[in-house]
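Right, one structure below, let's go through it.
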Amino acid sequence: MRWDRPILTDSGGFQVFSLGDLRTISEEGVEFKSHLDGSKHFFSPESVMEIENDLGADIIMAFDECVEYPATYEYTKQSMERTTRWAKRCKAAHKRPEDQGLFGIIQGGFYKDLRERSAKDLIDLDLPGYAIGGISVGEPKKEFIDILQYTAPLMPKNKPRYLMGVGTPDYLIEAAIAGIDMCDCVLPTRIARNGTAMTWNGKVVVRNATYERDFTPLDAQCDCYTCKNYTRAYIRHLVKANEILGIRLLSIHNLRFLTKLMERVKIEIENDNLLSFRNEFYKQYGYDV
RNA sequence: GUGGGUGUAGCGUAGUUGGUUAACGCGCCAGUUUGUGGCACUGGAGAUCAUGGGUUCGAAUCCCUUCAUCCACC
């Protein structure tokens, strides 16, 4: 893998999650039924690796099942064991290990012994990085943090630790506290598309009427292109008018907000001050500590 | 000027053999969104049914007045 340029990931394009009747899981793989025309599409660890190799992303994820919340112990166990078997098959089918990092995904739902089992078995595969999957799927925040803090220390210290699907500022800070190195999420761009900005003072739903004549930037403390050039009122106008520029500007801002947040997190880690920063942030951002 | 049509929420419409809280889309207002497909999902507010009068137990619906608007003719 190369670490000297922006890293491209597969963006979770092959997750197996919450598709209900449109999805049939077997040991061999997963059959998806298109909701558009009913056509069937079969994915296996091998076929997914072939696609990932063709795409050429720097980081590619093993084909796994993200179990929904809540799930029984028995189902979670069987699913986790299958995900581990799939990871082995992915590794065997991976044709570009020299320039594409195949990460394993630790499953096990909200059962600690299953998390431990999953981590150990995947670490045995000696993959270049590991992810925590299957949390941030609708569970209470307490349970999220509990499993996060239990699982992260099980992961190799000398390899990237990736938490999948986390995007709110508070969860990102909690992830950093737990020892996570990287996250990815649809949230910043999804809420941008629906007219919402993340700021150092909490969410700003800029599409709301209260910003109609607000000629200040989305976030006064932000140094992004959007905040340096556009007002809330104008962005609101663009969003309301269905003008693509509006959600582009919001996406630019939200992504910058998160990278800025992580820059700050790194500084606080160096200063050994992350926990008090978390508390300070919660107060300012509007969460209960 | 004559004949005919039309007037229902901000906009576009549905609803008339007269019968309980007048429907829908868009817009508007708000909430949701955590392993993305670009604009989604869930709620909510808003109409003295152009106007004045009449018939009737009861009128958006039937009759007349006025106004507005559209079409044709002059």
Q) Which one of A:Ile173, A:Val265, A:Asn273 satisfies the side chain to side chain contact (heavy atoms under 4.5 Å, CB included) criterion with A:Arg278? A) A:Ile173
Q: Grab the CD1-C1' distance between A:Ile180 and B:G35 for me, whole Å please.
A: 14 Å
Q | Span that lies between the C1' atom of B:U21 and that of B:G12, in whole angstrom | A | 25 Å
Q: For the side chain of A:Val186, starting at C-beta, report the closest nucleotide among B:U33, B:C29, B:G35.
A: B:G35
**Q.** Atom pair distance, as rounded to whole Å: CG in A:Leu250 and P in B:U33
**A.** 17 Å
(Q) Just the rounded figure in Å: distance from P of B:G27 to NE2 of A:His237. (A) 15 Å
Q | Pairwise C1' distance, B:U20 and B:C11 [rounded to whole Å] | A | 30 Å
Q. Under 30°, 30 to 60°, or over 60°: which ring-plane class applies to A:Phe144 and A:Tyr171, parallel, tilted or perpendicular?
A. parallel
Q) What class does the angle between the rings of A:Tyr234 and A:Tyr230 fall in, given that below 30° is parallel, 30 to 60° is tilted and above 60° is perpendicular? A) parallel
Q) Mind checking whether A:Phe281 and A:Trp200 have parallel, tilted or perpendicular rings, split at 30° and 60°? A) perpendicular
Q) side-chain hydrogen bond (donor to acceptor under 3.5 Å, both in side chains) between A:Asn254 and A:Ser251: does it pass, once the steps are laid out? A) CA-CA 5 Å; A:Asn254 283 347; A:Ser251 295; over 6 Å; no
Q | Interatomic distance where CZ belongs to A:Arg207 and P belongs to B:A30 [whole Å] | A | 8 Å
Q. So with a 6.0 Å cut-off around CZ of A:Arg96, is the heavy-atom count from everything else above 12?
A. yes
Q) Within the structure shown, what part of the strands sits under 4.0 Å from A:Gly138 by heavy-atom distance: base, sugar-phosphate, or nothing? A) nothing
Q) How many Å lie between CG on A:Asp64 and P on B:G35, as a whole number? A) 13 Å
Q.
As a test of your reading of the structure, name each stem of RNA chain B as range with range, where a stem is three or more consecutive Watson-Crick or G-U pairs at under 3.5 Å.
A. B:1-7 with B:67-73, B:10-13 with B:23-26, B:28-32 with B:40-44, B:52-54 with B:62-64
Q. Roughly, in whole Å, what's the span from CZ in A:Arg236 to P in B:A30?
A. 7 Å
Q) Looking only at side-chain N and O atoms, does A:Lys240 come under 4.0 Å of OP1 or OP2 in B:G27? A) no
Q: Give the nucleotide from the list B:A40, B:C29, B:C39 with an atom nearest to the side chain of A:Asn242.
A: B:C39
**Q.** Between B:U17 and B:U6 - P atom distance, rounded Å
**A.** 16 Å
Q.
Please report the distance separating the P of B:U66 from the corresponding atom of B:G58, rounded so that it comes out in whole Å.
A. 26 Å
Q. Any idea which of B:G31, B:G35, B:A40 is nearest the A:Val205 side chain?
A. B:G31
Q) Mapping A:Ile191 and A:Arg248 onto RNA chain B by nearest heavy atom, which one lands closer to the 5' end? A) A:Ile191
Q) Would you say the base of B:G35 and the side-chain of A:Gln107 have a donor-acceptor pair closer than 3.5 Å? A) yes
Q. Using atom P of each nucleotide, how far apart are B:G46 and B:U32 to the nearest Å?
A. 23 Å
Q | Step-by-step ring pair (Phe, Tyr, Trp, His ring centres under 6.0 Å) determination, A:Tyr162 to A:Tyr130 | A | CA-CA 6 Å; A:Tyr162 166 29; A:Tyr130 288 93; over 10 Å; no
Q | Spacing of A:Arg161 atom CZ relative to B:G35 atom C1', expressed in whole Å | A | 20 Å
Q.
Rounding to an integer number of angstrom, what distance separates B:U61 and B:A72 when you compare their P atoms?
A. 30 Å
**Q.** Whole-Å C1' distance, B:U13 and B:U56
**A.** 30 Å
(Q) What's the closest nucleotide to the side chain of A:Ile247 if the choices are B:A40, B:C39, B:C29? (A) B:C39
(Q) Please tell me if A:Asn208 has a side-chain N or O lying less than 4.0 Å from either OP1 or OP2 of B:A30. (A) yes
Q.
In whole Å, measure the gap between the C1' atoms of B:U48 and B:G44 for me.
A. 22 Å
(Q) Please report the distance, rounded to the nearest Å, between CD in A:Glu212 and P in B:G27. (A) 16 Å
Q) Taking for each residue the nucleotide of RNA chain B with the nearest heavy atom, is it A:Ile244 or A:Cys185 whose nucleotide lies nearer the 5' end? A) A:Cys185
(Q) For A:Phe257 and A:Tyr285, take the angle between the two ring planes, folded into 0 to 90°, and tell me which bin it lands in: parallel under 30, tilted 30 to 60, perpendicular over 60. (A) tilted
Q) Do A:Glu280 and A:Lys283 come close enough that some side-chain heavy atom pair is under 4.5 Å? A) no
